Every structure is written in C-alpha cells, then in structure tokens.
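Comments concern the structure below.
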Amino acid sequence: MRMSQIFAPTLREVPSEADIPSHQLMLRAGMIRKTVSGVYSYLHLGCRVVRKIEEIVREEMDRQGAQEVLMPAIQSADIWRETGRWDDYGSEMFRLKDRHGREMCLGPTHEEIVTVTVRDEMRSYRQLPKILYQIQTKYRDEIRPRFGVMRSREFIMKDAYSFDRDNEGLDSNYSKMYEAYCRVFSRCGVDYRVVEADAGAIGGSQNHEFMVVSEVGEDALVFCEACGYGANVERAEAARPPESEHDAVKVRTGIRKVSTPGMRTVEEVTSYLQVGPSKLLKTLLYMADGEPVAAVVRGDRDLNEAKLKRALGVRELELASPEVIERVSGAPVGFTGPVGLRERVKIVADWEAVVVEDAVVGANAADAHLAGANYGVDYSADVVADIRNVVAGDACPRCGAALRGARGVEVGHLFKLGTKYTSALGVSYLDEGGVDNLVVMGCYGIGITRTAAAAIEAHHDDDGIIWPMSVAPYQVLVMPLNTQESVQMEVAERIYSELCGYGVEVVIDDRDERPGVKFKDADLIGFPIRVVVGPKHLGDGKVEVSMRRDRSVELVGIEDVAAHVTKMVDRELSVLMPQ
RNA sequence: CGAGGUGUAGCGCAGUUUGGUAGCGCGCUUGGUUCGGGACCAAGAGGCCCCGGGUUCAAAUCCCGGCACCUCGACCA
C-alpha cells in the first residue's frame, strides 16, 4: 500500500469531542470517523485492525472446535416475546417496524435467535455438544455512548453459544472458551485479568469477565495477588467481619438524640459530631419491585445495588424519591435511620454495619441524628448481608490478604446460562433412554471493536499508537526521506517490493512531504517497524530499521533488510503466540 | 431521564457582553525555495455562523422554539 493513496486522513490537532487517548488517537490516526453519536465508520486502517482481531478470534474459536455461523441483525419481536425480553430489554433496544407494521429490532444480542434456530433442528443427544459463534454487528441504543468505539451504539462482537446435554458438558465447553479467550487476548498483546462478575440481566450462574487493565476502564476491579482471586466490584464479596466485635462486653454510651441542624451528608454530620465516618450508618431508602426498603451501610462505604437486589431477591431497584423518603421516614432527605421509621419497611443491613457499636444514625426527624445506636438493642434488620462495595485494601474473601484495586475495560465475558433460555423456548433433546431433556447453554462474547480501543489504551505514548505486531494495521513502513532523490526512491521501492514478496504487510511513504511530517505520521499510526531510507547511511549501502515500541535503531545493509525485517515481524508474532 | 456545557471553513478556536453583514492558526490548491522530527515566501480556494420563527433599517450577535454533539450522574450481556 502506498501512503500517497491510503485513505487515512491524519489530524494534527485533537478533535474536541475525544477525551481519552484511544479515541483521540483513532481519530487522529485516521482510523475512524463518527457519523452520529456512538456510530462510527472504520476507515482503511481501523478496518484492518478490526479484521486482524477478528481473524485471531476466528482462529482460536476454530481451534476449540467452535463453528462459525452468521445470524441476522434484523430480528422479529416474536422470538423476543417468547423469552419476555421484548419488554425487559427496554429502550436500549433499537426497535423498528416493517412495511406491514410488524415489530422488529436490531439485535443487541443473539441468545433468542440462536436458541430458536437450534431448537428447530434439535432432536437427539447425538447432535450435542455444539459451539456456534459469529462475528457480527450488534446494536444497542446506549443511554450515553462514550469514549469513541469503547462504548458505541453499533459495534462488532464475537458471540458464541454452547449447547450441551448437561452441566458437565457445559463445564467442559466453558473451559474451552476460557482457554480460547486467554489465547485471544495474549495474541492481541493486551494485558488482561479474569475476574468474577455479576451476571446482570442475561442471567445464569457462573460467569467471568476478561478485563484489560486501564485507567479509563469503566469497571472497578479488585484482585488478590496472594491467591489469584479477582472480581468486578459490582460482584466482589466482602469478607465477613468477626462477630466477636459485636458481642464484646463494653460499656455502652446509651442511645440519645443529638441536634444536627442542616447536616445531611455523611461528611457534614461526622465532621460536626467529631466522629469518623465508619461510626456513622447511612440509611438509604429504595423502591424494590415497588415496595420501599431501607438499606443500612457504614458511612464510609458505598452500597452495592446488585448485591442489594440479590439480598432482597427483587428485579427492580431504584432510589426512592424524596416524597417517599419523607413519607417513610417522617423526615426530610438526609435524616433517615433504622431506628423508629414512621412506616414499617423491610430493613437490610450490611453485615459490617451491624457490628458498629454506638453508631450515629439518622433520627428520622428533621435536623437530628441519634448517637449510641446498637444493633440488636436499638434497631434490628430483616436481612443482614453483604451489600456494600468492596474497596482496595479490604481483606480478600478467599485468603484474607489485602485486595488491590484497578480499573478495567471489559473485552470479553463468559456466562453459564444453564437452561434459562432453553426452558423458556423449549429446547430439548432425546437421550439414549428416549427421555426428553433440556439443552444446557453457555454464551461467550468478545467486543472486537472495543478490544481495538483497549489495545490502544494499553499501548500508546505522546506521539501515537504503539501497535502490537499482531493487530497493527500494517506491520512495516518503508520511508524514503526525500522522494525527489531518485536513489532513495529506488532503494525504498526495491525494499518495499521485496517485503511484499515475503508476505509482509508493508506501506511505503511515497508522499512528497518533508521528513518531519512523515515521522510524525509514522509514530501516530504506530507501524511497529519502520525502515528509513535516507542520505545519512545510503552511501554505506545501509538503511535504518527501528522499532516503534522502544525506538531502537539498527543499520542494516540494503541487500539484507527485507529478509531481516521479515524475521523481526515473525519473531514479534511468535512472542505473542501462547506456547 | 437529571445536571452542566458547546454548535462559526476539513481540524483547533476568536468574534456574541455593547447588533452594522465574518476572522486567526493549522490543513487544502498553485508557483518557487527547501528536505533527518509537523519548513519558508507569494498567490488562491473554501462559510445555510446548527435549524425554524421573531424583534430590527440591519442579527453569528438580542428573544422564542427545536435539533445535534460533549461531559457528569442514573442506566447497562
């Protein structure tokens, strides 16, 4: 490919719409352009990267015996109604009607359609197990698209679905996908971590997320370096606090009302009363499936709504409105507490909150709190459970070592669905004994376009992208410094065509630009290897070969350079290849 | 959906307060000089000032109503 012809309009300045490195660099390097909010065109270089990642994914899926299929983006509402998700999916689903007024959607995911397709053909245990996958465009009308292709409304995903006779089969396929994912992300050159995650609306029992560690990641993670435990904070378990603390015989101060005029926040109350935030219990009122409930956590903790949902066994959870708060507590927002609520509501207390002695709590009266409150004495709870967010420094729930925190970009997710969809849609097979059994499913996703962005987040510097060899849009750039110098051009053209002959993905910068412009674009686009043909060394019959990653430079004879560079490319690729 | 912000040339922005018919830098075109890290000189092209109403002799600027985009939050396989 010739740089003079390539469709990769680079930008000197950072477009104002982008504020994370990967988004800025994808725009500046001419990889993508936005069409509307959350919808992007992939220009030549961006498209190449996406195809590279797809191909790696394809190879690893095939390696595990998965079969590629391709399912439609346009789906009928009917099959979504069968699982009840037509209504549950809400406004995140792009919906449309055909000319006959039939309801359709642009598929946000493919559990329904793949399950129905399999159901129609599924008869015998002899047809199992199977793993089907596709690499296809997904549509989700995200509330707020952001970070370029990191969270976009139209994006490319690899989604795979396994079908098994039983849980043992599912475990086996799950392990295969787990291994495939490890290999995929290793080959893509990104540093990833596998964490336990909340299953969310998709349901199912066990699930793992593959996260690329990055400051701009939208998920908070904790992991334990001692035992290997890792979890998304929305899922991470808090270690149970020792009971003894609560049972210890101590002189209690006794509960009493204290005036806290206008003090609504934890910060205001604790600084006014001169106590630490861990001595205050905050009480949050939620509407859980339409019923108000009170949740109590320590003042220095964040409530975890996913855990609260689980503790209550409810589907819908949202913070109560100020009107409900005033009605239930009998006081304005900011003074709610577990002692003496006006209305009898279910109280869920974090198991760490109930061991706080002589706690400060809201008095359910304006401008007042209660000090010296104790669980079991002054208040009680209907449920005591782990309902707070784990934070870095907490004890690991497995081994007790201190957890470390990080942020991550979710690039892959594995779910054990079990029979959630096959029971809803009636997918069964006959076993050897002629008995009808439900098929057991798993589903497995990789965000292809998001992985591209994550790779850039992980590999860039002030000058541009530093592509791992495996996913670079092109592997090598040959750069004659001055196209007016016929010797330079001849040498560069020769090296270029030799590299093409070796099967290397190479671009020649044949533009009549000054060297500075070419260097800047080369760094920005991030060709892993750059071959500079310039006047300094041409007299000695040599050219400069340098690595984008560490800026190392070596001089190589013109005759040898194509073979040499080809070896470098192969070496870089083999380093990324597991085993 | 709640809160905040921004829409002016391909990109980054000024001009809006105080109305007088649009500018700067980069990029682009042509010619020349240059050529190892975003050159210089000269001459050019390029605008529905987001859209629609209104006020006014006159609107990028003031008023009303939309729309789009960005950020934070809520939300989310």
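Note that the structure is predicted; figures quoted are calculated from it, not measured. Residue numbers start from 1 in every chain, and the chains themselves are labelled A, B, ... in the order their sequence lines are given, proteins ahead of strands.
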Inset, instruction - May I ask you to decide if the ring planes of H208(A) and Y174(A) are parallel, tilted or perpendicular, using 30° and 60° as cut-offs? - result: tilted

Inset, instruction - May I ask you to verify if any side-chain N or O of S16(A) is less than 4.0 angstrom from the OP1 or OP2 atom of G12(B)? - result: yes

Check: protein-nucleotides 33-35 of chain B nitrogen or oxygen pairs below 3.5 Å:
from	atom 1	to	atom 2	distance (Å)
U34(B)	O2	R514(A)	NH1	2.7

Legend entry - F210(A) and Y178(A) aromatic ring geometry - parallel, tilted or perpendicular at 30°/60° bounds: perpendicular

Inset, instruction - Scan R33(A) against the nucleic acid and name what it touches under 4.0 Å (heavy atoms): base, sugar-phosphate only, or nothing. - result: nothing

Inset, instruction - Compare side-chain N and O positions of R12(A) against OP1 and OP2 of G27(B) and report whether any pair is under 4.0 Å apart. - result: yes

Inset, instruction - Report yes or no: is there a donor-acceptor pair, N or O only, under 3.5 Å between the side chain of E544(A) and the base of G36(B)? - result: yes

Inset, instruction - May I ask you to say what P9(A) touches in the nucleic acid, namely base, sugar-phosphate or nothing, with a heavy-atom cut-off under 4.0 Å? - result: nothing

Legend entry - Interatomic distance, I20(A) CD1 vs C70(B) P [rounded to whole Å]: 13 Å

Inset, instruction - Could you check V36(A) against R153(A) for side chain to side chain contact (heavy atoms under 4.5 Å, CB included), going step by step and ending with a plain yes or no? - result: CA-CA 10 Å; V36(A) 295; R153(A) 299 196 294 174; 3.8 Å; yes

Legend entry - Donor-acceptor pair under 3.5 Å, R511(A) side chain vs G38(B) base: no

Legend entry - Sugar-phosphate only, base, or nothing, as touched by D463(A) at under 4.0 Å among non-hydrogen atoms: nothing

Inset, instruction - Look at R144(A) and U71(B) and indicate whether a side-chain polar atom (N or O) is within less than 4.0 Å of OP1 or OP2. - result: yes

Inset, instruction - Sort out the partner of C57(B) for me: Watson-Crick or G-U wobble, both distances under 3.5 Å, none otherwise. - result: G20(B)

Inset, instruction - With P as the reference atom in both, quote the distance from U6(B) to G15(B) in angstrom, rounded to an integer. - result: 12 Å

Inset, instruction - Measure up the Y89(A) and W80(A) rings against each other and bin them: parallel (under 30°), tilted (30 to 60°), perpendicular (over 60°). - result: perpendicular

Inset, instruction - With heavy atoms under 4.0 Å as the rule, sort E305(A) into base, sugar-phosphate or nothing. - result: sugar-phosphate

Inset, instruction - May I ask you to say what Y444(A) touches in the nucleic acid, namely base, sugar-phosphate or nothing, with a heavy-atom cut-off under 4.0 Å? - result: nothing

Legend entry - Check: Y161(A) and N173(A) side chains under 4.5 Å, non-hydrogen atoms: no

Output one line per pair: protein atom, nucleotide atom from nucleotides 67-69 of chain B, and distance, for all N/O pairs under 3.5 Å.
from	atom 1	to	atom 2	distance (Å)
C69(B)	OP1	S37(A)	N	2.9
C69(B)	O3'	K34(A)	NZ	2.9

Inset, instruction - Could you check how far CD1 of I143(A) sits from C1' of U71(B), rounded to whole Å? - result: 16 Å

